[in-house]
Amino acid sequence: TAAQKQPNDLLDKRDLLVDQLSQLANVKTYDEKHGMIAVQLGDRLLVQGKEYTGLDKVKDGEGMYMLVWSDTQARARISNGELRGLMDLRGKTQLEQEREPTEYKEIIPNMIAELNTLAKTIVTKTNEIHRTGYSLNNKTANPDDTDFFVMPAEGDSFENWAKFMKVAENIKEDPNNIAAASSRTWNDEGNKINFGDGSNALSIAQLKHSLNSEELQVQTEDLSSKLTFPFTGEISFSLTMGNSYHKVSIASATYNDMGELAIALDAELATYGVDVSEDNNSLVFASSNSLFKNILDFTLDDGVTAVELGDYHVLMVSDATTDDFWRSISAEIGVISQEAVRMVANQNILVAELESKRQSMSGVSLDEELTNMIKFQHAYNAAARFITSIDEAIDVIVNRMGLVGRA
């Protein structure tokens with residue numbers, strides 16, 4: 001400083017701010033001239049002497065935020081601290097600054113995906129059995145052919161199965177519409193037969209312990225830039241089923257929208273056990289047929305427009321029961337939680353030890369200060385006693401020795 005003195009209060013306040021910042025993110029500090037420091041966040045300097053670089057936040061379409069540098073709008077690299085923990089928990093945003101593949105653990109998105117997988121398996125398998133049963137309100141010889149859970153509309157799909165999982169309206173309004181029986185409950189004359197049959201409901205309940213087969217899904221790229229509706233053209237692609245290679249072609253036709261195109265493909269691939277739906281200007285192919293492995297060379301308009309396909313994803317619980325799958329999800333979250341608690345405890349011990357060592361070097365020792373206070377108090381008492389003795393001697397000389405001459 002100009003007065004050549006240390007501004008201890010300001011230095012302590014700066015150290016406190018650096019400590020608080022280091023809890024949030026990965027920061028490093030460097031000493032510079034005139035007692036100033038440089039603070040680095042990730043791969044850039046946040047503060048250097050009197051200069052600094054600001055941080056902004058940007059939001060994606062889902063309402064999730066990203067920290068970016070104010071001058072370049074580049075993503076700020078956060079590799080440690082509370083912010084990184086929250087990012088690992090939340091997952092990546094939809095912004096173009098994100099790296100691919102993601103560098104985050106994506107704990108919550110992975111958990112949601114697993115719950116959606118479980119929910120879709122329960123919904124799909126339950127409905128398959130429920131459609132074959134008979135309800136108390138069904139007086140015909142044919143199964144009800146109704147769903148217990150709400151399913152996506154024809155040609156449509158949704159990803160958040162757990163979020164939208166709900167019982168069908170007709171069953172909510174009247175429980176007698178539950179197809180609990182495996183055979184008809186009324187004869188042709190309108191008399192009750194087979195009342196009390198719950199074998200179909202039992203089959204649904206036993207799904208909990210049934211081994212599930214794999215369902216695969218592959219999605220095309222966004223076709224809005226390649227297709228203009230109404231679209232007229234031929235569709236052809238190669239389909240791999242196990243070791244068999246199938247060439248599928250649909251004659252040239254006119255489609256008014258992506259939904260009509262998906263319906264046409266769905267009808268063509270029904271014999272292969274492959275379902276086709278439309279999702280945000282893309283075509284989605286899905287199948288629980290264990291032989292369904294791949295779709296190759298997907299083209300539109302007589303081979304002119306090639307369509308790119310994404311990676312294959314498993315959509316439903318496979319090679320496990322829904323009960324075991326749920327237990328594995330619960331156990332995984334439990335292990336993650338226990339590990340997090342253990343790591344926090346270990347880090348707290350380590351931080352406390354490091355803080356103790358730092359304070360022993362740069363902090364104030366209460367024991368030492370108390371010892372100094374006692375030492376200075378005794379020195380003060382001794383000095384005071386010395387002054388008192390001098391004062392008494394002077395008093396004797398001035399006030400008492402003069403009386404001898406008067407006598």
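The pair Asp147-Arg131 meets the salt-bridge criterion, with a side-chain N (NZ, NE, NH1 or NH2) lying under 4.0 Å from an Asp/Glu carboxylate O. Electrostatic pairing of Arg327 and Asp323 counts as a salt bridge here, judged by a charged N lying under 4.0 Å from a carboxylate O. At a threshold of 4.0 Å, the pair Glu100-Lys92 counts as salt-bridged, since one of the basic side-chain nitrogens sits closer than that to a carboxylate oxygen.
Shown here for Leu89 and Pro109, the closest heavy-atom pair between the two residues is O-CD, 3.6 Å. Pairing each heavy atom of Gln73 with each of Gln97, the nearest pair is O-NE2, 3.3 Å. Scanning all heavy atoms of the two residues, the minimum distance from Tyr65 to Thr93 falls at O-CG2, 3.7 Å. Across all their heavy atoms, Asn116 and Ala162 have their closest contact at OD1-N, 3.0 Å. For Ser277 against Ala262, the heavy-atom pair with the smallest separation is C-CB, 3.9 Å. Residue Asn200 comes nearest to His130 through the heavy atom pair ND2-CA, 4.0 Å, listed as atom of the first residue, atom of the second, then distance.
No donor-acceptor pair under 3.5 Å is formed between the side chain of Glu169 and the backbone N or O of Lys172. With Gln40 contributing its side chain and Gly42 its backbone, the two residues share a donor-acceptor pair below 3.5 Å. No donor-acceptor pair closer than 3.5 Å links the side chain of Asn80 to the backbone N or O of Ala25. Judged by distance alone, with hydrogens and angles left aside, the side-chain atoms of Asn348 form no donor-acceptor pair with the main-chain N or O of Ala352 at under 3.5 Å. Between the side chain of Thr121 and the main chain of Val317, a donor-acceptor pair closer than 3.5 Å is present. Proximity of a side-chain donor or acceptor of Asp60 to a complementary backbone N or O of Leu95 within less than 3.5 Å is not detected. Although no hydrogens or angles enter the test, the distance criterion places a donor-acceptor pair under 3.5 Å between the side chain of Asp266 and the main chain of Val276. Asn176 contributes no side-chain N or O that, together with a main-chain N or O of Asn137, makes up a donor-acceptor pair within less than 3.5 Å. A donor-acceptor pair under 3.5 Å links the side-chain atoms of Tyr134 to the main chain of Ala141, judged by distance alone. Not a single donor-acceptor pair under 3.5 Å links the side chain of His209 to the backbone N or O of Thr321.
No side-chain heavy atom of Leu24 sits under 4.5 Å from any side-chain heavy atom of Gln20. In this structure, Glu103 and Arg84 have side chains that are in contact, with non-hydrogen atoms separated by less than 4.5 Å. Counting only heavy atoms from C-beta outward, the side chains of Lys28 and Leu41 never approach each other to under 4.5 Å. Here the side chains of Leu45 and Thr53 are not in contact, with every heavy-atom distance at 4.5 Å or above. Contact check for Arg90 versus Ile108: no side-chain heavy atoms found under the 4.5 Å cut-off. At least one side-chain heavy atom of Leu115 sits under 4.5 Å from a side-chain heavy atom of Trp326. Side-chain atoms of Val39 and Val27, non-hydrogen and from C-beta on, do get closer than 4.5 Å to each other. When side chains are defined from C-beta on, Glu106 counts as touching Thr102, because their heavy atoms get closer than 4.5 Å.
For NZ of Lys105, the number of neighbouring non-hydrogen atoms (other residues, nucleotides, ligands) closer than 6.0 Å is 12 at most. Within a 6.0 Å sphere centred on CE of Met64, heavy atoms belonging to other residues, nucleotides or ligands number more than 12.
Rounding to the nearest 0.5 Å gives a distance of 6.5 Å between CG of Leu118 and OG1 of Thr322. Rounding to the nearest 0.5 Å places OG1 of Thr124 at 9.5 Å from CG of Asp275. Atom CG of Asp222 is separated from atom OG1 of Thr220 by 8.0 Å, given to the nearest 0.5 angstrom. Within the model, atoms CG of Asp197 and CG of Leu202 stand 10.0 Å from one another, a figure rounded to the nearest 0.5 Å. The CD1 atom of Ile329 lies 11.0 Å from the CG atom of Asn110; values are rounded to the nearest 0.5 Å. Atoms CD and CE, from Gln338 and Met343 in turn, are 13.0 Å apart once rounded to the nearest 0.5 Å.
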Review point. Between Gln94 and Glu62, does a side chain to side chain contact (heavy atoms under 4.5 Å, CB included) hold up when you go through it step by step?
Key: CA-CA 8 Å; Gln94 296 179 345; Glu62 298 296 325; 3.4 Å; yes
Point to revise | Residues Asp174, Asn170; criterion side chain to side chain contact (heavy atoms under 4.5 Å, CB included); working and verdict | key: CA-CA 6 Å; Asp174 185 1; Asn170 65 317; over 6 Å; no
Review point. Ring pair (Phe, Tyr, Trp, His ring centres under 6.0 Å) between Phe195 and Trp186: does it pass, once the steps are laid out?
Key: CA-CA 8 Å; Phe195 263 57; Trp186 299 83; 5.5 Å; yes
Check your understanding: Can you check side chain to side chain donor-acceptor pair (under 3.5 Å) on Ser79 and Asn26, steps first, answer last?
Key -> CA-CA 6 Å; Ser79 59; Asn26 48 304; 3.1 Å; yes
Practice item. Go through Glu114 and Phe325 one step at a time and tell me if the side chain to side chain contact (heavy atoms under 4.5 Å, CB included) criterion holds. Key: CA-CA 9 Å; Glu114 290 176 335; Phe325 188 77; 4.3 Å; yes
Practice item. Verify side chain to side chain contact (heavy atoms under 4.5 Å, CB included) between Met165 and Val123, making sure each step is shown before the conclusion. Key: CA-CA 8 Å; Met165 184 179 181; Val123 169; 3.8 Å; yes
Practice item. Using the side chain to side chain donor-acceptor pair (under 3.5 Å) rule, take Asn177 and Ser135 through it: C-alpha gap first, then chi angles, then the decisive distance, then the call. Key: CA-CA 5 Å; Asn177 286 322; Ser135 68; 4.5 Å; no
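Legend: residues meeting side-chain hydrogen bond (donor to acceptor under 3.5 Å, both in side chains) with Asp71, ordered by chain and number and at least two apart, are Arg44. The side-chain hydrogen bond (donor to acceptor under 3.5 Å, both in side chains) check on Glu339 picks up Arg342, with sequence neighbours excluded. The side-chain hydrogen bond (donor to acceptor under 3.5 Å, both in side chains) check on Asp56 picks up Ser70, with sequence neighbours excluded. Considering only residues two or more places apart in sequence or on other chains, Ser282 meets the side-chain hydrogen bond (donor to acceptor under 3.5 Å, both in side chains) condition with none of them.
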Enumerate, atom names and distances included, each donor-acceptor pair closer than 3.5 Å involving a side-chain atom of residues 248-259, sequence neighbours excluded.
unit_1	atom_1	unit_2	atom_2	d
Thr254	OG1	Thr232	OG1	2.8
Asn256	ND2	Glu260	OE2	3.3
Asp257	OD1	Gly259	N	3.1
Asp257	OD1	Glu260	N	2.8

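Counting only residues at least two apart or in different chains, ring pair (Phe, Tyr, Trp, His ring centres under 6.0 Å) contacts with residues 21-47 are absent.
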